[in-house]
Amino acid sequence: MAVFDIQAEWRNGHFKPLAPLPIDEGGYFMLFRSLNSILPVSYNRGVLTPPSGTFNLATGTTHQICIANSSQELENSPTYGN
């Protein structure tokens with residue numbers, strides 16, 4: 001799988017991608033770009049849900065995130081650490 005570098009809006013504990021993601025529902029890993037932090041995330045019904053309590057973000061704010069099948073894919077991507 002490719003690493004998808006996307007923008008998503010924070011809404012009530014979920015990230016809503018600003019454009020549709022070409023991935024199936026299920027479990028993935030997310031790189032939260034502004035914190036350079038990798039964590040598991042689920043993708044269901046068009047939203048990405050991180051573990052509960054992970055983020056304290058303002059509703060409606062837009063964030064740059066990356067999605068991949070594995071944390072290794074994110075660690076090896078050019079966006080990690082930048």
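Predicted model, so just to flag it, every value in this text is computed and none were measured.
- A side-chain hydrogen bond (donor to acceptor under 3.5 Å, both in side chains) check over residues 16-26, counting only residues at least two apart or in different chains, returns nothing.
- One finds the CD atom of Glu75 at 8.0 Å from the OG atom of Ser70 (value rounded to the nearest 0.5 Å).
- Side-chain atoms of Cys66 and Arg33, non-hydrogen and from C-beta on, do get closer than 4.5 Å to each other.
- With sequence neighbours excluded, the residues satisfying side-chain contact (heavy atoms from CB on, under 4.5 Å) with Thr61 are Trp10, Leu57, Ala58, His63.
- Residues Phe4 and Tyr28 fail the side-chain proximity criterion, which asks for heavy atoms closer than 4.5 Å.
- Just one residue in the list Ile67, Leu74, Asn76 forms a side chain to side chain contact (heavy atoms under 4.5 Å, CB included) with Val3, and that residue is Leu74.
- Every pair passing salt bridge (Lys or Arg N to Asp or Glu O under 4.0 Å) that includes a residue from residues 6-15 is listed here, sequence neighbours excluded: Glu9-Arg11.
- Looking only at side-chain heavy atoms (C-beta outward), Phe29 and Asn69 stay at 4.5 Å or farther from each other.
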Only pairs under 3.5 Å count here: list side-chain donor-acceptor contacts from residues 37-55, not counting sequence neighbours, and write none if there are none.
unit_1: Thr49; atom_1: OG1; unit_2: His14; atom_2: ND1; d: 2.7
unit_1: Thr54; atom_1: OG1; unit_2: Pro51; atom_2: O; d: 2.5

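- Of the inter-residue distances, the one linking Ile65 atom CD1 with Ile6 atom CD1 reads 4.0 Å to the nearest 0.5 angstrom.
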